[in-house]
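Notes follow the structure.
One-based numbering along the sequence shown.
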Amino acid sequence: MDKVIWQPVVPEVPLEDLLARQGVDLSKRNPSQRILDLNKRLLEEGIELAAIKGIWQEVKVLGSNEEQVFLDKGLSLKGKILPNVLGKADGVVLFALTLGDKLYALVKEYTDQGNTMEAFILDTAGSAILSKALKEFTAELIKTYEEKQLKTTFTLGPGPEYWEGLDDVRTIIEFLQGEQIGITLTDMNYMLPKKSETMVMGVGANLPDFQGKTHCDFCRYKGDCKTRKLKYNNNYFYRH
C-alpha cells in the first residue's frame, strides 16, 4: 500500500492535563490564579501554533529471529522484544507524527528572552498536544484495521529500554520520507522539529490477544525502568 498522510484538527487538551504533566496534583494543592491564567494562555498559544501532520504505511513481515524483525522493502527493526510482539504479525505499520516547528520556535524565543517559566509551560503544552494527537492517530489506525477485521498490537517506539538506540528512527523516517510532513533527522538520529514522534504497530488476522498488554509484559525489566518511573503511558510514551 502507498503512504498515507494524516492532517487532523489540533486536539483539545484540558488544562488539568497540562498541569499534571508539570507534576501539579490538583487534589493536593491549587496553583495561584496567575499561574492558572499563564498556563491557559500558553496552552491556547500552543494549540494555535501546532500544525499536526502524520504519515504511515504498512510493510509486510517476512520473518524474525531472537532480536530482529525482517520486513519487506529491505527493512529490518532491531529490538529484543520486537520479535515477540511483531514476529507473528502479517504486517507492521510504520508511522510518524509532528507538530511542526512554530511551537518550538516560540519556546526557543521565550528561552532566549529569559522567560523560562513561559518556555517551560509552552514546551509541556507542546508535549501534551503531541501525546493527545498521537493517541488519536493510533486510534484512527486501529479503526482502519478493525474495519478490515484485522487485529493490532500495542504501539512501540525506538528509544526506551525495551528498544534501545535510535538507528531504527532513521530506518522508519527515511522509509516514510518524513520530509513530506516536515520531519528531518540530525546526525545522531534525533527528529526535527523537536515535537515529533515515530512508532510502529503490528497488524494481522491471527495475532495473539494483546488486549490489556503493554511492552512491560515482554520486557526483561518488567516495569522496573526509567520508562515506568517517568510514568510513560501504557500505549505510547512521553519523551518529547
Same hydrophobic cluster for Leu36 and Val24, using side-chain heavy-atom links shorter than 4.5 Å among ILVMFWY? yes

Indicate yes or no: at least one non-hydrogen side-chain atom of Trp163 is less than 4.5 angstrom from one of Val200. yes

Quick check on the hydrophobic clustering: are Leu62 and Val85 connected, directly or via other members, by side-chain heavy-atom contacts under 4.5 Å? no

Is it the case that over 12 heavy atoms from other parts of the model lie below 6.0 angstrom from the CD atom of Gln22? yes

Return yes when atom NZ of Lys143 has more than 12 non-hydrogen atoms of other residues, nucleotides or ligands closer than 6.0 Å, and no otherwise. no

Honestly curious: do Val10 and Ile121 fall in one hydrophobic cluster under the side-chain, below-4.5 Å linking rule? yes

Output yes when a side-chain donor or acceptor of Asn39 lies under 3.5 Å from a complementary backbone atom of Leu19, and no otherwise. no

Determine whether Met188 and Ile173 fall in the same hydrophobic cluster, where Ile, Leu, Val, Met, Phe, Trp and Tyr are linked whenever their side-chain heavy atoms lie under 4.5 Å apart. yes

Would you mind reporting whether Gln57 and Leu94 have side-chain heavy atoms less than 4.5 Å apart? no

Note, Asn65 side chain near Phe70 side chain (heavy atom, < 4.5 Å): yes

Taking C-beta and beyond as the side chain, do Trp6 and Ile181 meet within less than 4.5 Å on heavy atoms? no

Report yes or no: does Lys195 contribute a side-chain atom to a donor-acceptor pair with the main-chain N or O of Asp123 at less than 3.5 Å? yes

Before accepting this row, confirm whether a basic side-chain N of the pair Asp112/Lys108 lies closer than 4.0 Å to the acidic partner's carboxylate O. yes

More than 12 foreign heavy atoms under 6.0 Å from NZ of Lys3: is that the case here? yes

Given the rule that I, L, V, M, F, W and Y join up when any side-chain heavy atoms are under 4.5 Å apart, are Leu185 and Leu77 in one cluster? yes

Do Arg21 and Ser127 have side chains that get closer than 4.5 Å, going by heavy atoms? yes

Does some side-chain heavy atom of Glu136 sit less than 4.5 Å from a side-chain heavy atom of Lys132? yes

Close side-chain approach of Lys78 to Asp167, heavy-atom, < 4.5 Å: no

Is there a side-chain contact between Leu18 and Leu42 (heavy atoms, below 4.5 Å)? no

